[in-house]
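Working notes, beginning with the structure itself.
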Amino acid sequence: QVQLVESGGGLVQAGGSLRLSCVASGRTFSNYAMGWFRQAPGKEREIVAAIGRSVGNTYYTDSVKGRFTISRDNAKNTMYLQMNSLKPEDTAVYYCAAKWTNVVTVMRGVFDYNYWGQGTQVTVSS
């Protein structure tokens, strides 16, 4: 069992930056593949970025490539999402997700994960 708590969301103007954090408690954080998802009103939850057990394995959805950076600090049981050059279309509730795994590959699908945080709101004004 692992508990996930996101923080760092807020209101920012277009072009601004935010850094989201996801702190995990429970079992060994380094054994979990992690991901950031987002859900805008009336839309399905979608993958934003993912990171495998190995910090070298990452994935980004096309719309955030070059603007967002996912990272993890296993010593702090924390995953981050640095978001730069934010756009109004980035507005959504952002969720972190975790899945225990013995492989190093990233996981991209909503149904790949079985632990979720409560979400943090990100609002980008134009």
Side-chain angles (χ1 to χ4, degrees):
Q1 189 80 9
V2 64
Q3 293 79 42
L4 305 173
V5 179
E6 304 101 332
S7 63
L11 173 64
V12 63
Q13 289 188 333
S17 298
L18 286 172
R19 188 175 82 155
L20 305 184
S21 298
C22 173
V23 178
S25 60
R27 300 177 65 181
T28 308
F29 180 70
S30 60
N31 289 343
Y32 286 81
M34 303 292 295
W36 285 102
F37 291 76
R38 65 187 178 188
Q39 188 167 18
K43 295 187 176 182
E44 293 185 352
R45 192 168 298 188
E46 63 174 0
I47 182 75
V48 176
I51 187 166
R53 289 182 54 174
S54 170
V55 296
N57 290 348
T58 58
Y59 166 82
Y60 297 93
T61 195
D62 286 346
S63 63
V64 307
K65 285 181 180 177
R67 300 189 298 123
F68 291 10
T69 302
I70 189 171
S71 62
R72 65 190 296 165
D73 185 337
N74 289 339
K76 296 182 178 180
N77 283 13
T78 303
M79 175 179 65
Y80 303 99
L81 186 67
Q82 178 66 44
M83 305 186 295
N84 298 328
S85 302
L86 282 160
K87 303 176 180 180
E89 51 264 42
D90 294 318
T91 294
V93 177
Y94 283 69
Y95 298 90
C96 71
K99 169 72 173 180
W100 188 92
T101 179
N102 57 6
V103 299
V104 298
T105 53
V106 297
M107 299 182 181
R108 307 180 185 184
V110 171
F111 297 106
D112 289 334
Y113 293 89
N114 55 350
Y115 296 106
W116 293 86
Q118 82 289 349
T120 185
Q121 177 70 47
V122 171
T123 303
V124 184
S125 63
S126 57

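Note that the structure is a prediction, hence the values are computed from the model and not measured. Residue numbers run from 1 in the order of the sequence given.
Hydrophobic clustering of Ile, Leu, Val, Met, Phe, Trp and Tyr side chains at less than 4.5 Å, counting indirect connections, keeps V23 apart from Y94. Two different hydrophobic clusters hold L81 and F37 under the rule that ILVMFWY side chains link at heavy-atom gaps under 4.5 Å. Note: the hydrophobic cluster containing L4 does not contain V93 (ILVMFWY, side chain heavy atoms under 4.5 Å, direct or indirect links). Grouping the Ile, Leu, Val, Met, Phe, Trp and Tyr side chains by contacts below 4.5 angstrom, directly or via other members, places I47 apart from Y32.
One N or O on the side chain of W36 and one on the backbone of Y80 form a donor-acceptor pair closer than 3.5 Å. Remark: the backbone N or O of T101 is paired with a side-chain donor or acceptor of R53 at under 3.5 angstrom. The backbone N or O of G52 sits less than 3.5 Å from a side-chain atom of R72, completing a donor-acceptor pair. With hydrogens and angles disregarded, a donor-acceptor distance shorter than 3.5 Å links the side chain of T91 to the backbone of V124. Within the 3.5 Å criterion, the main-chain N or O of Q118 finds a donor-acceptor partner in the side chain of E6.
Closest approach of F68 to V48, counting heavy atoms only: CD2-CG1, 3.7 Å. Taking each heavy atom of A24 and V2 in turn, the nearest pair found is CB-CG2, 3.8 Å. The two residues V122 and M83 come nearest to each other via the heavy atoms CG2-CE, 3.9 Å. Shortest non-hydrogen contact noted between T78 and S21 is CG2-CB, 4.3 Å. Considering every non-hydrogen atom in both S85 and S17, the closest pair reads N-OG, 4.3 Å. Closest heavy-atom contact between G8 and L18: O-CD2, 3.8 Å.
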Quiz item: For Y95 and L20, what are the C-alpha separation, side-chain angles and deciding distance, and is it a side-chain contact (heavy atoms from CB on, under 4.5 Å)?
Solution: CA-CA 10 Å; Y95 298 90; L20 305 184; over 6 Å; no
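Distance check, rounded to the nearest 0.5 Å: SG of C22 to CZ of F29 gives 6.5 Å. Between atom OG of residue S63 and atom NZ of residue K87 there is a gap of 7.5 Å, rounded to the nearest 0.5 Å. With rounding to the nearest 0.5 Å, the separation of OG1 in T28 from CG in N74 is 10.0 Å. Taking CD1 from I51 and CG from N57, the interatomic distance works out to 8.5 Å, rounded to the nearest 0.5 Å.
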Anything under 3.5 Å between a donor and an acceptor, one on a side chain of residues 105-117, the other on a protein residue two or more places apart or in another chain? List them.
| unit_1 | atom_1 | unit_2 | atom_2 | d |
| --- | --- | --- | --- | --- |
| D112 | OD2 | R108 | N | 3.4 |
| D112 | OD2 | G109 | N | 2.9 |
| Y113 | OH | M34 | O | 3.3 |
| Y113 | OH | M107 | O | 2.6 |

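For the pair E46/R38, a side-chain contact is recorded, criterion being any heavy-atom separation below 4.5 Å from C-beta on.
Using a cut-off of 4.0 Å between Lys/Arg side-chain N and Asp/Glu carboxylate O, K65 and D62 are scored as salt-bridged.
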